[in-house]
Each structure stands twice: as C-alpha cells, then as structure tokens.
Amino acid sequence: MPILPPQQRTDARRDRTDVRQAEAALVEHYPRLVRLAYVVLPPGLGRHRRVLAAHAVVQRALPAVGSGAPTARVPAQSRRSRPTDRTTGVGTSSDTAYGWMRLRVLRTALAYERRPRWWPGRLPAPAALRPTVPVVWGLRLFPRAGGVDELALDRALSRVDGAARAAFALQLLEGLDASAARDLLARAAVDDPADAMRRAAGLGSPDRAGARALLGSGEFDPCTVQTRPSDLLRRRQRVRATAVAAALCVLAGGLVVAVEESTRETGADRSPVGVLAPVLDPAELLRTAAEQWADTSRVDLTAWPARGGRTDDEELLGRALRTWAEPPGSVRVTATPGTGTVPPVEPPRLLFAGEVDGAAVVLFHDSADRVVRYAEPLSGTGGAALDFARTDDADVTTGAAVVIGRTVDGARFLLAPWIAESTTRDLLAPDTPGRPLAVGRDGVTAAVPRPALGGACDAWPVLRLRSSERIVEKHAFLVTDLGDLAPVHLTYTPKPGRAAPARQPREATGPEALLAWARTACSLRTLSAAGVRSVNNWAFAEQRLPEGGGPADWLCTRAETWRGPGRVLVQFLPAAASPTEPAAVVADRGDTALCGRFGQHVVAGTRWRAPSGRWYVLAAGSRAVTRIAVKGAVRGSADGTAFAVRAPRDAEVELTAALRGGGTLPAVH
C-alpha cells in the first residue's frame with residue numbers, strides 16, 4: 001500500500017490575520033507604495049493612465065483571504081528581531097508586512113511592462129499582466145507639473161526599462177543600499193539585477209540627494225493630482241454607453257447593499273476594531289520582564305517593563321486599544337511630524353498603565369517604532385487624548401524617558417528602568433548645581449517645570465540623568481522637553497584642537513558645554529513640537545575680533561529629527577558681560593546634512609560693529625578650511641579659518657572658503 005503524505009490543513013484564521021497585517025501596512029504606507037509603482041510603470045502609458053495604474057497596482061497587491069494561493073500568507077515574523085531599514089524607519093525585509101507588500105507591488109508594476117509587444121497601445125494587457133485600473137469618467141488626472149529638473153529626470157526615466165527605474169526608485173525613494181536593492185530586484189523576477197543597478201546609477205544628477213528630492217516632488221506623486229476635462233465631443237457620442245454603465249452601477253449598488261445586509265444579519269464586524277480584534281486584545285499585549293533591561297544587548301524601549309498601578313485593568317487597556325484603532329471624534333489626536341497614526345499590525349508592548357495628575361494614562365510601544373500615549377480624565381467631562389511619536393533606533397539616551405503627563409505646573413516623565421539617578425537644572429544658570437528629582441516606584445517623576453516656549457526666556461529646565469552601572473553605560477546626560485512625547489537629548493562638540501583629530505559629540509554636562517548652552521538654549525524654541533531627536537552644539541571655530549574686541553566663538557547647532565532631516569542654526573558668540581547673553585543667529589537652514597556626520601565642513605559670516613563704531617564683515621570656518629575670501633562691495637582674503645574686513649554696514653558680499661585637499665565651500669545662510 002503506498003504511503004501518502006499527511007494532508008495540509010488550511011489555517012483560515014492565520015490567513016485572515018496575515019492579510020490584515022498586509023492591509024494595515026498598505027494603508028499606512030499607501031502614498032509611498034503608489035509613488036513607487038508610478039515611477040516603475042512605463043511612462044509610455046501617459047500620465048493619466050499611469051496615475052490610475054499606479055493606484056491599481058497597489059490596491060491589487062493585497063491578496064484575498066482564503067484564496068488558497070501560496071502568496072496569500074505573509075511570511076512569519078520574529079518578535080525578537082525584525083530587520084529594519086535605518087534610513088526609512090520601516091522594515092524592508094521579506095519578514096515584514098510592508099516589505100512583502102512592496103515586493104508584490106514591484107512584481108505587478110514590472111509585469112505590466114512585460115505585456116506582449118503586439119498588444120495594442122490603447123487596449124489593456126492580458127489579465128495576467130495588468131492590474132484592474134480604477135475608472136474615472138470625464139476627467140484626465142495627472143500629477144502637478146514640476147520644473148526643468150523634474151522634467152529632465154522624467155525624460156531620463158522614460159529612456160530606460162522598468163528594471164532600471166525600479167533600481168533607481170528602490171535606492172532613492174526607499175533608501176535601500178545597492179546590495180538590498182539588487183536582492184529585491186532578483187526576487188521581483190528581474191533577469192539581470194546587476195545590469196539594472198548599473199543603468200540606474202547613470203540616471204539623475206550626480207548629486208544623489210538632489211535626485212532624491214526631485215523623485216520625492218509633486219511631479220512623481222500620483223496621490224496629489226490635477227484634473228482636466230476629457231474629449232468633450234467624444235463624450236457626447238458615448239451618452240448611450242454611459243447610460244448602460246450607470247444602469248450597471250445601480251445594479252451593482254443593489255448587490256452591495258444586499259451583501260451588506262447579509263453581513264449585518266450574520267453579525268460580522270468590518271470596522272477597524274472588528275478587523276483588528278486579535279491585535280487589540282488586552283490579553284495579547286507584549287510585556288517585558290522586570291529585569292530584562294540589565295541582561296540584554298538591546299537597551300531601548302523594547303526593554304521597558306510594564307509599570308503602573310493599572311497594568312491589569314483590561315477595561316482601561318481595551319478602551320485605549322479600541323480608541324487607537326478607531327478614534328471617536330471627541331478624542332484629540334496629535335502626532336509628531338512623520339509619525340503614522342494607523343492601528344498596530346500586531347499586539348503592541350505595554351509600557352505603563354496608571355493614574356497621573358487626574359487622568360488614567362496608558363503607554364504603548366509597537367513594532368513600527370512608535371510610542372502611543374492614551375489618556376482619559378478620571379472625572380469631569382473632558383475628552384480623551386491620543387498622542388503618537390516616533391522612536392526609531394532609540395538607545396540608552398534617546399530612549400531614557402517619555403513624557404507621561406503635562407499640566408500647567410510642568411511635565412512628568414516615565415524614566416527608563418536603567419536610570420539610576422535623576423536631577424534637574426537650569427541651562428541659563430550654568431554655575432548653579434542640579435536639584436534632586438523625586439521618582440516614584442513606578443518610574444514616574446515629580447512635575448518638572450516646562451521651558452517657556454513663548455514670552456520671556458529667563459529659564460530653561462533640563463533633566464540630568466545618569467544610567468546604571470549594571471549596563472556598563474554609567475554616564476550622565478541631559479534631556480529637555482520640546483513638546484513631544486520623547487524629550488530631546490542635548491550634546492556638545494568642543495572646539496577643534498591644534499593638530500588634533502576631529503572632535504566627536506559628547507554629553508553636555510561639563511563646564512564648557514554648559515557655558516555654550518547657556519547662550520544658545522533659547523534658540524531651542526524654534527524646534528518646538530518638530531519631532532526632534534537630539535540637538536548638538538558644535539563649536540567649529542574661534543576668532544580674535546578686530547580692534548581688541550576680544551575672543552568670539554562660532555557654534556553650529558544641529559537638530560536631528562526622528563524621521564531623518566536635520567536643521568542647523570549657525571550662532572555667533574562674541575565676548576559678553578553675562579554668561580547667558582543670547583548668541584546671534586547668523587544662518588538658519590533646514591533639511592541639510594551640514595554640521596553632522598555627512599556635512600563636516602562649514603563656513604559662515606556675519607556683520608559686527610566694533611567698539612569704535614566701525615563695521616566689519618566677519619567669517620569663520622571649520623578645521624578643514626585653509627583660506628576665506630570675500631567679494632562684492634568689498635574684496636579680500638586671508639589664510640586660516642577666520643577672517644575680518646572693514647565694510648559698510650549694509651554691504652552686499654559673497655563669502656567662499658578653500659578646503660584642505662581641494663574644493664571650495666560657500667557660506668551657509
């Protein structure tokens with residue numbers, strides 16, 4: 001008798017859960033996936049058809065539940081380790097719902113180009129090679145027109161095939177490195193991924209950052225479109241066809257109503273709460289062991305235990321999860337820039353559930369690297385609140401505290417379990433020692449005064465935290481509240497030494513760092529509620545002022561955001577009678593790599609009035625600057641990292657610097 005293999009049982013419940021995860025990933029990243037499909041699809045379709053096809057490609061990528069196809073299941077995910085794209089802040093491995101959906105979108109978009117050459121251009125491809133395109137009557141849709149550079153990039157993309165366009169988009173839109181992009185192309189059935197990568201390298205400008213900005217512009221955004229009427233005469237000739245289509249729509253609408261009535265009779269719940277019921281079950285919440293933080297190589301928010309007096313209150317936890325899934329209109333929802341507010345794709349981790357300042361507060365952390373705070377009043381008629389913040393790659397310092405509650409008196413923080421000591425101090429009082437900060441058994445601090453983000457800037461409270469020696473990271477650091485859930489880590493890079501290697505950022509706890517922050521703390525107001533992760537003060541140059549004006553320092557204050565882009569303020573600090581006299585901001589630039597790891601050279605200038613009343617143009621550059629020159633209303637140059645020249649107060653000048661090893665650098669504005 002032949003021995004037959006055991007039959008495989010279809011796990012319909014698992015299929016439904018996997019498709020829900022894929023749907024959640026699609027909804028959260030829909031604009032991003034549609035842009036990717038739009039770039040990969042053949043430009044020969046025309047902008048109108050390509051917009052519709054891009055939406056169809058993404059929507060068709062979602063598999064059907066219980067189809068029996070092998071692609072109907074998202075690959076299993078490991079709760080302990082999820083490879084994450086450090087540039088984009090979302091998972092890119094096939095072991096994530098988003099990575100899986102992206103692969104399906106890529107395959108469908110590439111297959112659309114591989115339709116038979118003999119197929120008429122105005123007819124759809126065979127069903128196996130085309131998505132189901134959404135129907136738009138009477139309108140032509142197209143993205144917003146860009147400038148000359150966007151047009152040039154679009155033409156360059158039209159001269160290569162879909163594989164090269166896909167390689168280009170994966171590296172610039174998705175932030176993948178060459179190896180990851182090549183592997184993804186191979187899995188998407190591209191015949192020669194290496195050749196596609198080579199051809200993609202020749203697209204766009206040599207400035208990859210500039211090409212990335214062009215690809216992220218409205219020219220390539222099929223989710224933000226303009227409309228124009230179609231051929232009006234042809235539309236009049238098709239009145240009968242439109243009437244037939246309308247009748248079919250009425251019939252289809254009746255069928256939908258009948259199906260909905262049938263579904264309602266069976267008690268099926270298709271709301272977000274019903275669809276995500278397994279994910280939103282309080283019993284499924286992840287909880288970290290109390291001492292795991294002291295015995296792990298990943299010291300971040302995943303190592304936080306569940307704390308607070310209501311961690312077993314399933315009614316409170318259930319309300320918080322349901323509100324997250326489908327916030328009522330009465331709930332105030334806030335999110336830091338770049339943070340998604342969609343429901344979780346799997347059970348989140350519980351960090352805290354308790355009562356703080358007259359409110360029941362629940363704090364979650366999910367696999368999308370978000371902290372979510374739910375708060376409801378214990379009494380009164382006030383509404384609930386739901387706050388979201390990103391925590392990508394949080395570490396010992398940036399994952400050391402979360403704002404658990406705010407009142408008019410200040411903010412309370414929930415401290416990480418590895419914080420052994422906490423004090424508060426005023427940045428505008430650099431010589432005043434810190435004051436001990438009371439911390440409860442559940443890790444919640446006493447109220448800390450909040451920095452005044454408006455009006456007079458006469459104090460800037462910060463927390464000075466020290467990590468435990470149990471994680472061999474025994475050091476102190478400063479964080480401050482800028483209005484987000486995650487406080488901002490403050491650091492300092494000292495002045496360049498003579499013939500010494502470039503300095504690295506360090507904790508802003510020493511006398512020199514505190515003096516620098518005393519004069520620049522009030523500039524932090526401009527970064528309020530901007531999703532800032534850390535701010536570093538880099539003393540990149542010092543200068544002796546003309547006419548015996550004394551020493552002056554030049555600082556570049558760089559703010560790093562959780563979502564990636566940075567912002568810099570260049571500040572000029574002449575000698576002052578008060579250690580807290582504010583510095584003069586001489587340059588302000590957003591979305592830049594300046595003054596960071598990938599922008600280590602900087603030169604800036606300002607106008608300065610000497611005690612005699614004469615005006616000067618001053619300039620200073622970082623350690624690699626060998627010569628500074630000025631042209632315009634006045635001309636001059638000097639070797640070294642600092643320069644001064646007499647000039648009228650309103651003189652229009654242009655500053656440039658020569659760098660060691662060749663190259664020039666314009667002044668930052």
Side-chain angles (χ1 to χ4, degrees), residues 282 285-294 299-313 316-317 319-320 334 348-365 370-379 382 384-389 391 394 396-425 434-451 461-468 470-471 476-489:
L285 287 172
L286 303 181
R287 298 171 187 250
T288 302
E291 295 296 316
Q292 182 172 319
W293 64 270
V299 184
D300 58 13
L301 289 162
T302 62
W304 282 34
R307 291 173 287 177
R310 300 181 66 172
T311 54
D312 296 326
D313 187 341
L316 171 63
L317 299 178
R319 286 197 301 276
T334 64
R349 188 178 309 277
L350 178 63
L351 302 183
F352 180 87
E355 298 179 2
V356 180
D357 291 330
V361 178
V362 182
L363 201 66
F364 299 112
H365 177 255
R370 294 177 296 177
V371 167
V372 182
R373 175 184 177 270
Y374 169 81
E376 63 180 28
L378 295 175
S379 61
L386 197 62
D387 304 307
F388 296 82
T391 56
V396 174
T397 55
T398 54
V402 173
V403 174
I404 199 73
R406 286 192 178 93
T407 65
V408 293
D409 296 326
R412 295 184 189 270
F413 298 83
L414 179 65
L415 300 184
W418 57 81
I419 298 301
E421 180 183 308
S422 56
T423 59
T424 62
R425 66 174 306 132
R435 297 176 298 279
L437 177 63
V439 182
R441 295 182 60 184
D442 56 1
V444 177
T445 70
V448 178
R450 299 168 58 186
V462 295
L463 275 68
R464 184 182 186 275
L465 307 176
R466 183 177 63 80
S467 55
S468 170
R470 295 177 63 186
I471 58 172
F477 52 94
L478 300 183
V479 296
T480 190
D481 179 15
L482 287 185
D484 296 321
L485 284 181
V488 177
H489 181 208

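Being a predicted model, the structure only gives us computed values, none of them experimental.
- Among Thr302, Val371, Val402, the one residue that satisfies the side chain to side chain contact (heavy atoms under 4.5 Å, CB included) test with Thr391 is Val371.
- The shortest heavy-atom contact between Gly483 and Arg406 is C-NH2, 3.2 Å.
- For the atom pair CZ (Arg310) and CZ (Phe352), the distance works out to 10.0 Å, reported to the nearest 0.5 Å.
- Note that OG1 of Thr334 and CG of Leu386 are 8.0 Å apart. Values are rounded to the nearest 0.5 Å.
- Rounded to the nearest 0.5 Å, atoms CG (Asp313) and CZ (Arg319) are 6.5 Å apart.
- Of all heavy-atom pairs between Thr311 and Leu317, the closest is O-CD1, 3.5 Å.
- Across all non-hydrogen atoms, the minimal contact from Pro461 to Thr480 is O-OG1, 3.3 Å.
- Taken from CG in Leu301 to CZ in Phe364, the straight-line distance is 14.5 Å, to the nearest 0.5 Å.
- Looking at Asp481, Leu437, Ile419 one by one, the single match for side chain to side chain contact (heavy atoms under 4.5 Å, CB included) with Leu463 turns out to be Leu437.
- Arg412 is linked by a salt bridge (charged side-chain N to carboxylate O under 4.0 Å, His left out) to Asp357, counting only residues two or more places apart in sequence or in another chain.
- Annotation: salt bridge (charged side-chain N to carboxylate O under 4.0 Å, His left out) contacts of Asp387 (sequence neighbours excluded): Arg332, Arg373.
- Distance CG/Leu351 to NE2/His365: 7.0 Å, rounded to 0.5 Å.
- Taking every heavy atom of both residues into account, Pro417 and Ala303 meet most closely at CG-O, 4.1 Å.
- Val299 approaches Trp293 most closely through the heavy-atom pair CG2-O, 4.3 Å.
- Under the side chain to side chain contact (heavy atoms under 4.5 Å, CB included) test applied with Arg307, the options Leu414, Leu415, Val444 reduce to a single match, Leu414.
- Of all heavy-atom pairs between Ala389 and Leu485, the closest is CB-CB, 3.8 Å.
- With hydrogens and angles left out, the side-chain atoms of Arg349 and Thr288 include a donor and acceptor closer than 3.5 Å.
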